[in-house]
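Here is the structure we will look at.
So that the names make sense, note that chain A is the first sequence line, chain B the second, and so on, each numbered from 1. These numbers come from the heavy atoms of this one structure, side chains and all, not from hydrogens, waters or symmetry mates.
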Amino acid sequence: MNPLPPDTLHAPAPGNALLRNLNPEQLAAVTLPNRHALILAGAGSGKTRVLTTRIAWLIQTGQISPAGVMAVTFTNKAAKEMLTRLATILPIPVRGMWIGTFHGLCNRFLRAHWKLAALPQSFQILDSQDQLSAVRRVIKAMNLDEERFVPKQVTWFIAGSKEEGLRPRDVTVRDEQTRTLVDIYQAYEDQCQREGVVDFAELMLRTYELMRDQPALREHYQRRFGHLLVDEFQDTNRLQYAWLKMFAGQSNCVFAVGDDDQSIYAFRGAQVGNMSDFEREFHVEHVIKLERNYRSYGNILDSANELIAHNRKRLGKNLRTEAGPGEPVRVYEATSDYAEAQWLLEEAQQLHREGTPRSEIAILYRSNAQSRVLESALFNAGIPYRVYGGLRFFERAEIKHALAYLRLLENPNDDTSYLRVVNFPTRGIGARTIEQLQDAARASGRSLYQSTGAVTGKGGANLAAFNALLDAMRDATRGLTLREIIEHVLEASALTDFYRNEKEGRERLENLDELVNAAEAFVTQEGFGKDAVALPIDEQAGAIAEGDPPAVARADITPDVETGEIVSPLAAFLTHAALEAGDNQAQAGQDAIQMMTVHAAKGLEFDCVFITGLEEGLCPHENSLSDYEGLEEERRLMYVAITRARKRLYLSHSQTRMLHGQTRYNIKSRFFDELPEGALKWITPKVQGFGSGFARDPRAAWAQAPSHGSSFGTAKKIEPKVATSDGVALRVGQSVFHTKFGEGVIVTLEGSGADARAQINFGRHGLKWLALSVAKLTPVD
DNA sequence: TGCGCACACTTTTTT
DNA sequence: AGTGTGCGCA
């Protein structure tokens with residue numbers, strides 16, 4: 001790549017505005033010489049800034065042209081942020097640059113090389129819902145038992161295999177079950193290929209394979225991208241790492257930014273080990289740690305640091321700040337989840353009165369189920385809140401229906417879409433008719449749309465009418481704008497009529513309107529070609545600095561799409577809808593308290609953060625305690641949560657909690673013991689219930705009998721069962737000490753005399769049944 | 001065909 | 001407790 005004399009590489013132009021205000025580590029990272037680099041970027045250390053400034057610096061110093069840079073992120077949000085920031089510092093159009101999500105870039109790649117990839121030009125992308133129903137169809141077609149082959153698990157198997165880079169024939173088969181799973185995988189692949197659709201993992205895998213198997217293509221792209229930058233590197237899976245190596249080749253520079261302490265996605269295939277693998281395999285000489293934190297006060301960072309120091313497998317990092325200690329981290333113990341919610345909303349109201357905008361208050365929890373109590377408390381108090389998670393815009397049923405019709409305009413052989421709407425709204429096409437149709441299609445190896453002739457009788461006539469409807473819609477929308485197309489389809493399909501007559505259809509109608517708006521916005525503002533248009537690749541490659549070999553116009557590497565050819569706005573919009581599920585569209589615009597899982601909070605920051613439900617079994621979650629790695633990931637989760645807070649952090653836990661319709665007695669999370677006592681301030685809880693409001697030592701409070709807990713709200717009255725052990729009276733909710741399992745809380749008491757037994761929640765040792773005649777239990781108070 | 005009831009499930013999730 | 005799915009019945 002247009003090599004400059006090595007000594008000029010380091011020298012930032014004096015007074016270069018770009019590099020002003022960077023701290024020494026950031027500056028070092030941004031101006032690293034052209035070699036592989038690993039940047040360990042702690043939370044709040046200016047990671048995005050380093051990434052964007054690095055790109056700008058490479059371009060500004062003439063080391064690379066914009067077309068020679070590829071930057072990969074995981075989320076659309078991160079990609080967008082990078083593009084926006086870059087646009088403000090670089091006087092060039094950033095739109096055509098290869099900056100995007102892994103999947104977005106793969107999509108771009110496959111659109112350009114659809115022929116080589118053996119895909120139809122207008123291939124569609126299955127989201128996870130579509131994938132699930134596609135898998136379900138395969139299982140049905142193979143006459144397999146859905147009990148033994150649970151569609152969701154099969155989906156995981158397929159995605160998991162692909163993310164390991166394994167095609168059906170590559171999967172090691174050890175048992176009969178796996179054999180069949182592989183058969184399903186193969187049948188699913190055939191079905192997708194037949195229907196011209198790809199799932200998310202397929203985007204990655206097919207791109208990888210194309211690069212691997214097409215030398216000319218590989219050389220072309222390896223020559224083009226001199227610099228590869230990766231965000232959130234700790235979240236990459238095996239396939240993504242292999243994919244990256246494929247683009248890196250022998251000579252291109254990889255600039256990987258990540259934080260092993262924030263690796264919280266192992267459960268979906270992320271390999272933190274990729275970081276050390278990268279360091280070793282790429283002979284990384286430059287590992288730069290960004291430890292200076294610009295977000296939080298000292299007490300918050302001390303808590304984060306001390307907690308995470310309990311993890312053994314770390315690359316090692318310590319956050320520091322010059323902002324001073326700030327306020328202590330407040331710890332609250334509630335008697336019940338309900339009480340926790342009450343306290344929290346009062347505290348939040350107080351913060352708001354003192355001037356904190358609601359949008360700067362975040363409530364975090366480990367699992368979604370915990371949001372309900374909190375939500376109802378806020379709702380009843382009339383406090384605006386916004387819950388992240390749940391269905392996103394393009395995932396809503398009515399939107400999926402509309403999109404299915406639109407997809408059928410592009411490709412009537414898309415059976416997934418066909419099945420979704422063939423009888424929605426109902427047009428007299430029942431299960432039996434559809435079964436006949438599927439049989440016919442299977443027998444002839446054709447699509448459902450192509451097989452309607454094979455179905456006789458009334459059902460067949462209705463199917464023919466449906467096909468005619470699709471054809472008519474296609475004719476009527478030819479040449480229309482995207483907005484007009486969608487409006488026509490919504491009417492002609494009778495979707496709007498259906499929801500107009502529906503009792504609860506108003507919101508759905510509004511969403512359909514919103515779909516039209518989204519399309520309009522997509523066409524005008526974004527420039528619809530962003531994802532789906534094949535970029536003039538060779539032209540861009542030719543723009544790489546001189547000395548680069550000229551872009552070769554060989555047939556095997558020329559993009560299949562003519563340079564600059566524009567895919568229809570509709571096709572582009574459909575791709576956009578699949579790749580970007582949209583916002584969760586909670587009450588946007590309003591100043592509302594932000595509620596989300598800890599996972600969802602990664603990458604965000606707030607002035608005030610409440611981390612709730614910090615109890616053994618919830619955080620760390622009981623399902624993750626079986627192995628040590630699981631516990632470490634839970635700790636990282638807690639670490640991520642803590643480092644979201646700028647000014648004020650609250651930690652809370654509760655003695656009792658409604659879960660799965662049962663009251664559970666929990667002990668406080670072990671993570672409390674891993675925080676620096678000096679940074680914490682235990683708020684003495686006021687015991688509610690009998691109206692006395694007396695105070696007591698918070699550390700002892702959790703050990704109290706829960707009869708209080710059940711007396712003031714949601715929880716049902718708990719029968720005060722009493723049993724004895726060594727003459728000591730025990731009751732449900734009682735805290736006890738066991739020599740082997742430590743402290744626990746009695747959850748259930750059963751039987752009497754010699755048969756008496758107790759179910760005890762020992763937190764980190766789990767839930768145990770103990771015979772009271774045997775077990776030595778000491779009451780704790 | 002469509003409704004309603006019974007039943008199972010419930011960590012975290014982006015694309 | 002709450003929700004989503006699947007089956008059976010009218």
Side-chain angles (χ1 to χ4, degrees), chain A residues 72-79 100-107 125-133 136 146-147 150-152 156 159 162-163 198-204 232 235-237 239-240 263-270 337 364-373 375-376 388-392 394-395 397 423-434 458-459 462 531 575-582 584 596-603 613 617-626 630 633-634 636-638 640-641 657-664 714-716:
Chain A
V72 207
T73 64
F74 274 86
T75 64
N76 290 303
K77 203 175 154 205
T101 62
F102 276 104
H103 296 87
L105 295 182
C106 287
N107 173 62
I125 299 163
L126 300 184
D127 67 17
S128 4
Q129 282 178 46
D130 300 331
Q131 199 197 359
L132 186 65
S133 64
R136 203 170 260 144
E146 287 208 0
E147 302 267 289
V150 185
K152 211 177 249 159
W156 293 337
K162 288 188 182 185
E163 279 160 13
V198 295
D199 59 39
F200 289 131
E202 186 69 28
L203 285 170
M204 291 285 325
E232 306 276 18
D235 287 339
T236 51
N237 61 34
L239 178 57
Q240 282 157 339
S263 160
I264 53 173
Y265 285 112
F267 71 92
R268 67 174 195 210
D337 49 353
L364 310 185
Y365 34 82
R366 173 68 235 267
S367 67
N368 284 305
Q370 290 166 248
S371 75
R372 188 153 283 120
V373 206
E375 247 184 284
S376 71
Y388 286 74
L391 273 196
R392 325 251 288 295
F394 285 114
E395 292 167 353
N423 198 37
F424 191 93
T426 46
R427 13 181 106 82
I429 299 168
R432 216 182 55 249
T433 306
I434 289 172
K458 205 173 132 223
N462 289 338
D531 282 320
T575 301
H576 166 78
L579 244 31
E580 231 173 301
N584 297 38
M596 66 198 82
T597 64
V598 178
H599 281 93
K602 190 173 157 213
L618 263 180
C619 186
H621 197 277
E622 52 204 354
N623 293 3
S624 62
L625 292 179
S626 47
E633 179 144 326
E634 295 292 303
R636 291 193 291 267
L637 211 43
M638 178 81 184
V640 167
R657 185 173 296 279
M658 262 317 229
L659 203 64
H660 311 326
Q662 278 187 332
T663 307
R664 300 204 346 178
T714 50
K716 264 180 271 169

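Residue A/I429 is classed as a sugar-phosphate contact, given heavy-atom separations below 4.0 Å to backbone atoms only. Counting non-hydrogen atoms under 4.0 angstrom, A/R136 reaches the backbone sugars and phosphates but no base.
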Are there any protein N/O atoms within less than 3.5 Å of an N/O atom in nucleotides 12-15 of chain B, and if so, which ones and at what distance?
from	atom 1	to	atom 2	distance (Å)
B/dT12	OP1	A/N368	N	2.6
B/dT12	OP1	A/N368	ND2	2.9
B/dT12	O4'	A/R366	NH2	3.1
B/dT12	O2	A/R366	NH2	2.6
B/dT13	OP1	A/T597	OG1	2.6
B/dT14	O4'	A/R268	NH1	3.4
B/dT15	OP1	A/N76	N	2.8
B/dT15	OP1	A/N76	ND2	3.3
B/dT15	OP2	A/R392	NH2	2.9
B/dT15	O4	A/S128	OG	3.1

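Residue A/Q662 places its CD atom among 12 or fewer non-hydrogen atoms of other residues, nucleotides or ligands, all under 6.0 Å distant.
Taking side-chain N and O atoms only, A/R372 has no distance below 4.0 Å to OP1 or OP2 of B/dT10.
Under the 3.5 Å distance criterion, the side-chain polar atoms of A/R664 are left unmatched by any main-chain donor or acceptor of A/R657.
Legend: residues meeting ring-ring contact (aromatic ring centres under 6.0 Å, His included) with A/Y265, ordered by chain and number and at least two apart, are A/F267, A/H599. Every ring-ring contact (aromatic ring centres under 6.0 Å, His included) that A/F102 has, sequence neighbours left out, goes to A/F74, A/W243.
A/H660 has its NE2 atom 16 Å from the C1' atom of B/dC7, to the nearest Å. A/Q662 has its CD atom 16 Å from the P atom of B/dA8, to the nearest Å. At whole-Å resolution of the value, CZ in A/R664 and P in B/dT10 are 14 Å apart. One interatomic measurement links the two molecules: CD of A/Q370 to C1' of C/dA1, which rounds to 15 Å at whole-angstrom precision. The distance between atom CZ of A/R427 and atom P of B/dG2, rounded to the nearest whole Å, is 12 Å. In this structure, A/R432 atom CZ and B/dG2 atom P are separated by 14 Å, rounded to whole Å. Going from atom CD of A/E147 over to atom P of C/dT5 covers 16 Å, rounded to whole Å. If you measure from atom CG of A/L659 to atom P of C/dG2, you get 13 Å, rounded to the nearest angstrom.
Residues A/Q370 and A/S367 have side chains that bring a donor and an acceptor to within less than 3.5 angstrom of each other.
Atom NZ of A/K152 is separated from atom CZ of A/R136 by 8.0 Å, given to the nearest 0.5 angstrom.
Taking a cutoff of 4.0 Å between a charged side-chain nitrogen and a carboxylate oxygen, A/R366 and A/E634 qualify as a salt bridge.
Looking at which nucleotide of DNA chain B each of A/S624 and A/A431 is closest to, the 5′-most match is held by A/A431.
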